[in-house]
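Every value quoted in this text rests on a predicted model; they were computed, and no experiment measured them. Chain letters run A, B, ... following the sequence lines, proteins first, then strands; residues in each count from 1.
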Protein chains: 2
Amino acid sequence: MSKGERTRAVILDQALAMTSTDGLTGLTIGTLADRLGMSKSGLFAHFGSKEMLQAAVLDRAAELFADTVVRPALQQPRGLPRVLALFENWIRWTLHPVLPGGCPIQAASIEFDDRPGPLRDHIRQHQEDLRRVIMGAVRRAVDEGHLRADLDVEQFAFEGMSLCYGFTQIYRLFQDPKAESWVRLAIQGLVERHRT
Amino acid sequence: MSKGERTRAVILDQALAMTSTDGLTGLTIGTLADRLGMSKSGLFAHFGSKEMLQAAVLDRAAELFADTVVRPALQQPRGLPRVLALFENWIRWTLHPVLPGGCPIQAASIEFDDRPGPLRDHIRQHQEDLRRVIMGAVRRAVDEGHLRADLDVEQFAFEGMSLCYGFTQIYRLFQDPKAESWVRLAIQGLVERHRT
DNA sequence: TAATAAAACGAACGGTCGTGCTATTGTCAA
DNA sequence: TTGACAATAGCACGACCGTTCGTTTTATTA
């Protein structure tokens, strides 16, 4: 790994933390450079434009989510355990955030849902990837006979994901510990309702 | 109504639209003044600081939500009809947004959940108000015998609100019309499950 | 170790940000 | 209709924005 690649990684780590609290737009090259003790222009040269920096941040955030939430869940046995692990890891991702400001992609979703361009495309792609992972796991749970055969996979995914989105929003705003048991009970109910 | 009050209202209308697409932070006094054909300083004098402008925007947004979603629902007969109207009006608020960029308060929730200060306090207050309205309606539906007596009102409110939050996020990002039937089915299921 | 390439710097650019000030215009009651 | 005051404009400020450029330092490799 060359010097440039190493520095780039360090920059992205800090940029990720900054984005999580201030948003993709709030991310600023000047203060980012300050926190890293390097010059604006030196940092800038690694990305070529602010938009490319933001895109790199999004991709890195998606990697982090995959490493923390998705990948560990995929090591669970296929079927219901894997579905449960996905939701459980997602809940833990919110309860004990790796990044100080919570999930940058969810924040960026709302920040950019009205701003066409490559950044919104990136966000859509990452969210769609997550949806496909969840739907795949649910479908396999049906195939394994853990969930009812007549289950509407898209509907199930929507409800589960909505609960996680809503939980994140409520928990982050109010820091109310009750939200944890609410979302757990809700997910549990969702699964229980469609069990064979 | 004095000239000043009238101008202030016009400013807030435009500010609301701008906030809905660009966020509370993206709201800018210069471009806001440009769109209204007035000077920065003239506009500025109405609010004294950007933070007070932002707070006024939040309060106006809450009024708009109350006029569009809550107030019409409160005219439905108490009990289940009122609960259903609350969720239905909320869904319609997302499907046919009064403001071009969707609900500014939901956006501000995520934007400011990590930034302590009077603005976050405002946001918390408005979100808490909504939660109390919904819980009150649900509780009355229990009292009227429309919903089961052993229903956990807080849990019910969390699930219903999460579905609406999640729906907004998904629908605004992807503009997928399928999301509409997903959320309707989910809300319907939630209610059906707790009916007497 | 010398030659070459990559990386980082410092200074400056045109813009825009929020915010003061002073002066001018407009409104509205006596 | 005039006098008092509210409303708006104009201008300037310091700070920060993303970006460019030429130079200097540091890595890499022949």
Side-chain angles (χ1 to χ4, degrees), chain A residues 1-19 21-58 60 104 108 111-112 115-120 122, chain B residues 1-58 60 104 107-108 111-112 115-120 122:
Chain A
M1 182 147 99
S2 74
K3 173 98 199 295
E5 286 168 332
R6 249 176 294 137
T7 315
R8 201 186 137 101
V10 172
I11 294 173
L12 279 179
D13 276 353
Q14 190 67 46
L16 219 56
M18 217 170 133
T19 299
T21 61
D22 302 337
L24 262 192
T25 311
L27 175 64
T28 233
I29 295 176
T31 52
L32 182 56
D34 278 352
R35 289 199 197 172
L36 291 163
M38 68 185 296
S39 66
K40 269 207 300 181
S41 52
L43 191 156
F44 184 86
H46 281 271
F47 302 93
S49 75
K50 174 162 188 192
E51 198 175 48
M52 287 188 185
L53 166 64
Q54 291 170 314
V57 166
L58 277 176
R60 184 81 194 82
E111 206 178 346
F112 281 83
R115 308 191 205 172
L119 289 179
R120 189 176 69 172
H122 268 243
Chain B
M1 184 145 103
S2 75
K3 173 97 198 296
E5 286 167 332
R6 248 175 295 136
T7 314
R8 201 185 137 103
V10 172
I11 295 173
L12 280 179
D13 276 353
Q14 189 67 46
L16 218 56
M18 215 170 136
T19 300
S20 81
T21 61
D22 302 337
L24 263 191
T25 311
L27 175 64
T28 233
I29 294 176
T31 53
L32 183 56
D34 278 352
R35 290 200 197 173
L36 291 163
M38 66 186 295
S39 68
K40 267 208 302 180
S41 51
L43 191 155
F44 184 85
H46 281 272
F47 302 93
S49 76
K50 173 160 189 192
E51 199 175 48
M52 286 188 187
L53 166 64
Q54 291 170 314
V57 166
L58 278 175
R60 184 81 194 84
E111 206 178 347
F112 280 83
R115 309 191 204 172
L119 289 178
R120 190 176 67 174
H122 268 244

_Taking B:G23's backbone N and O only, do any of them form a donor-acceptor pair with A:E111's side chain (distance below 3.5 Å, no angle check)?_
no
*Tell me what B:A45 touches on the nucleic acid: a base, only sugar-phosphate, or nothing, going by heavy atoms under 4.0 Å.*
base
*Output all residues satisfying side-chain hydrogen bond (donor to acceptor under 3.5 Å, both in side chains) with A:R60, sequence neighbours left out; order by chain, then residue number.*
A:E63
Could you list the protein-to-nucleotides 13-20 of chain D atom pairs, N/O on both sides, closer than 3.5 Å?
residue	atom	partner	partner atom	Å
D:dC17	OP1	A:T28	OG1	3.0
D:dC17	O5'	A:T28	OG1	3.4
D:dG18	OP1	A:K50	NZ	3.0
D:dG18	OP2	A:I29	N	3.1
D:dG18	N7	A:K40	NZ	3.0
D:dG18	O6	A:K40	NZ	3.2
D:dT19	OP2	A:K50	N	2.7

*Not counting sequence neighbours, which residues clear side-chain hydrogen bond (donor to acceptor under 3.5 Å, both in side chains) with A:H122? List them please.*
A:D59
*C:dT27 P sits how many Å from B:M1 CE, rounded?*
15 Å
*Between atom CE in B:M18 and atom C1' in C:dC17, what is the gap in whole Å?*
12 Å
*Atom-to-atom span, CG of B:L53 to P of C:dG18 - whole angstrom*: 9 Å
*Please give, in whole Å, the distance from C:dT19 P to B:L43 CG?*
12 Å
*asked:* Rounding to an integer number of Å, can you tell me how far B:E5 CD sits from C:dT27 P?
replied: 15 Å
*Give the nucleotide from the list D:dT28, C:dC9, D:dA9 with an atom nearest to the side chain of A:M38.*
C:dC9
*Return no unless some side-chain N or O of A:H46 is found under 4.0 Å from OP1 or OP2 of C:dA6.*
no
*Can you find a side chain N or O atom of A:T7 that sits less than 4.0 Å from OP1 or OP2 on C:dA8?*
yes
*Does any non-hydrogen side-chain atom of A:T25 lie less than 4.5 Å from one of A:F112?*
yes
*Mind calculating the distance between CD1 (A:I11) and C1' (C:dA8) to the nearest angstrom?*
10 Å
*Measure the shortest side-chain to side-chain distance between A:R120 and A:R115 over non-hydrogen atoms and say whether it is less than 4.5 angstrom.*
no
*Does B:T31 offer a backbone N or O that forms a donor-acceptor pair with the side chain of B:T28 under 3.5 Å?*
no
